[in-house]
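Note that this is a predicted model, so its numbers are computed, not measured.
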Amino acid sequence: MSLLDLVLLALVLLLSAALFLKRKGEDHTGEEARRLLEAAKEEARTALEAARKEAKEILETARHEAKALREEAEARAKVLKEELEAELRRRAEAAEAEAKTRLAQLEERLKAEREELRAERERLRGLQEELKAERERLKEEREELRREAERLSKRGEALDARALKLDALEEALAQKEEALKAREAGLWEREKEIEKKLYEVAGLSPEEARRLILEKLDQELEEEKAQRVRAALEKARLEARREAQKILAQAMQRQASETAAQLAVSVVPIPSDAMKGRIIGREGRNIRTFEALTGVDLIIDDTPEAVLLSSFNPIRREIARMALEELLKDGRIHPSRIEEVVEKAKQEMKTFIYERGEEAALEAGVVGLKPGLIQLLGRLHFRSSYGQNVLKHSIQVAHLAGIMAAELGLDAVLAKRAGLLHDIGKSVDREVEGSHVEIGIALARRFGEPKEVIDGIAHHHDPENAETVYAVLVAAADALSAARPGARRESLEEYLQRLEALERIALSFPGVETAFAVQAGREVRVIVKPDKITDAKAVLLAREIASRIEREMNYPGQVQVTVVRESRAVEYAR
């Protein structure tokens, strides 16, 4: 029972007592009323005391419950606080990781933009070099045009003097011509009289006699022309072959070199396949940095303990190979380290190229080359033509040209210099516009090479227009080096097409029965019909076939044309 209930009960008792006293006021005395009132008060006091005691107990209980609730609330608040702190810590770590990721992305983007700026700077530097070279070329062309104008002016003066002489000669010739005309008129009249007498004696008309004479004359001239051409060709061929065989045999016996075909892929061994992941890097940043700095494709496939470097530029591929081997040896592979190692490999490559150029000049016996020319010469170590290393080919051409020049009593040192530098334009033909001949001429003029060397470079594929004999020697040496067995690779398809073209050209001439290309396409044998082609015409046919082959085909070395004419008389005895 609560305190309120006890108080209400006491009040009810007091009210009941008061009502009872009021109703029974006349029957009871005042003493009894007081007694009853005192009893009611005592009972009310007792009830009040009990109510207070119970209220105190209830208050104590409530205090204990409130304390327990407060402790429970504090414990729960502490747990919630710890959970809230953990959540805040987790969110802070996530925010920090996201900030680091964004920072790394920004760094990668900044590095890529820096690389683009660097590439743009290199391109601008290259354009400046090209502009400078173009200015030098224009300056040289203007100088050459000035010299040409002076030469033409001198030539014009000489032509004027010659014209005066020709005028005097024309006057003399006009006088002689008048005398000859008068004499010719007399001879013409006499010839008519003789012809008239001949027609009367022979009994033929003038047209018939003229036709018979011309037919006979044509036959005699055709036979005589064929015989004279055949005799002249035989004589020239024997003399030229004897001298050429002596010079070329001596040159080829004293010179030999190996050739190596440059491939477009280099294989780099790695310690283990686990290294491939380190080469790729996190999210591929290492391999992207390596490819951007070297310009080479890094191929990582299922090949065990090896990676591939692919590029058609052999210098870039060699730089990439050197850099990758250094990274694998060091073990530290990250973008900044890759940039440092690639730059170091580029410097080492410049030194390597210069050393190859010095070795080539020393091997060829050529001295006095300028450092820039030696650097360009060393670049030919990484250049190939039809599978033939151009630097080895240039050294061989230098030796062959020097040997032939010595045999002919010319300057062997100058011939070696022209032979060594004849393909110098191929060192930069990937970066500079124009053919390797034009580039080589410009480089030789820039470095102050002699006019014989420049002529050898300009006409080593066109010796007919050469101005000096050294260009002819360089052209011959170049053909020897390229045409010797094993010097260059040739695909099977190109080989078969060349054989078919040789046979097709030979069969296109009238009177040819069949033709065969033999000796790996270096000789074509033509079988003719003996009733249509005579021995004299066979010589002319061989020459015509050879001329057409020279005009319509490209081939290494030379092609021998052999015309075979056979006459058989068959009879049977019965």
Side-chain angles (χ1 to χ4, degrees), residues 1-114 272-289 331-338:
M1 183 178 289
S2 65
L3 179 61
L4 182 59
D5 295 336
L6 293 174
V7 173
L8 292 175
L9 180 61
L11 292 175
V12 170
L13 290 175
L14 288 175
L15 290 174
S16 298
L19 290 174
F20 180 76
L21 289 175
K22 186 176 180 182
R23 290 176 183 177
K24 302 293 184 177
E26 288 85 7
D27 298 334
H28 297 282
T29 63
E31 186 66 26
E32 186 178 359
R34 282 192 299 274
R35 184 178 60 77
L36 289 173
L37 183 60
E38 288 293 334
K41 288 180 178 180
E42 186 66 26
E43 187 177 355
R45 189 180 296 115
T46 303
L48 184 60
E49 289 293 334
R52 287 178 178 175
K53 186 176 180 181
E54 186 177 357
K56 188 177 181 180
E57 291 177 356
I58 290 173
L59 184 60
E60 289 294 331
T61 303
R63 287 177 179 174
H64 286 297
E65 290 179 356
K67 186 178 180 181
L69 290 172
R70 185 172 63 251
E71 291 177 354
E72 183 179 355
E74 290 177 354
R76 188 175 297 172
K78 186 177 181 181
V79 172
L80 290 175
K81 183 180 179 182
E82 291 177 355
E83 291 179 355
L84 183 59
E85 290 177 353
E87 181 67 19
L88 291 175
R89 192 180 302 109
R90 185 181 61 79
R91 291 185 179 181
E93 292 177 355
E96 184 179 358
E98 185 177 359
K100 288 183 178 179
T101 303
R102 290 184 179 179
L103 181 60
Q105 292 176 355
L106 290 175
E107 289 178 352
E108 291 290 337
R109 188 179 302 170
L110 182 61
K111 183 170 290 185
E113 292 178 355
R114 190 184 299 117
S272 63
D273 289 340
M275 186 64 71
K276 294 181 179 179
R278 297 179 61 185
I279 295 174
I280 296 173
R282 182 182 300 175
E283 298 178 356
R285 63 178 185 176
N286 290 346
I287 189 172
R288 287 199 303 271
T289 303
R332 295 178 296 162
I333 305 177
H334 50 82
S336 59
R337 177 62 178 165
I338 292 173

Can you name the residues that form a salt bridge (charged side-chain N to carboxylate O under 4.0 Å, His left out) with [X], not counting sequence neighbours?
X	value
R70	none
E108	none
K100	E96
E71	none

So how far is it from [X] [atom1] to [Y] [atom2], rounded to the nearest 0.5 Å?
X	Y	atom1	atom2	answer
K53	E49	NZ	CD	10.0 Å
I280	R288	CD1	CZ	11.0 Å
R114	L110	CZ	CG	4.5 Å

Residues which pass side chain to side chain contact (heavy atoms under 4.5 Å, CB included) with [X], listed by chain and number, not counting sequence neighbours:
X	value
E87	R90, R91
R282	R285
E72	L69, R76
E60	R63, H64

- When you look at CD of E85, are more than 12 heavy atoms from neighbouring residues, nucleotides or ligands closer to it than 6.0 Å? yes
- Please report the shortest heavy-atom distance between P335 and N286, naming the atom on each side. CD-OD1, 3.3 Å
- Minimum side-chain heavy-atom gap I333-I338 below 4.5 Å: yes
- Item | Partner set under side chain to side chain donor-acceptor pair (under 3.5 Å) for R337, not counting sequence neighbours |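 In terms of side chain to side chain donor-acceptor pair (under 3.5 Å), with neighbours along the sequence ignored, R337 is linked to D330, E340.
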- By side chain to side chain donor-acceptor pair (under 3.5 Å), which residues pair with S336, not counting sequence neighbours? H334
- Are R102 and E98 close enough, and set up right, to give a salt bridge (Lys or Arg N to Asp or Glu O under 4.0 Å), and what steps lead you there? CA-CA 6 Å; R102 290 184 179 179; E98 185 177 359; 2.8 Å; yes
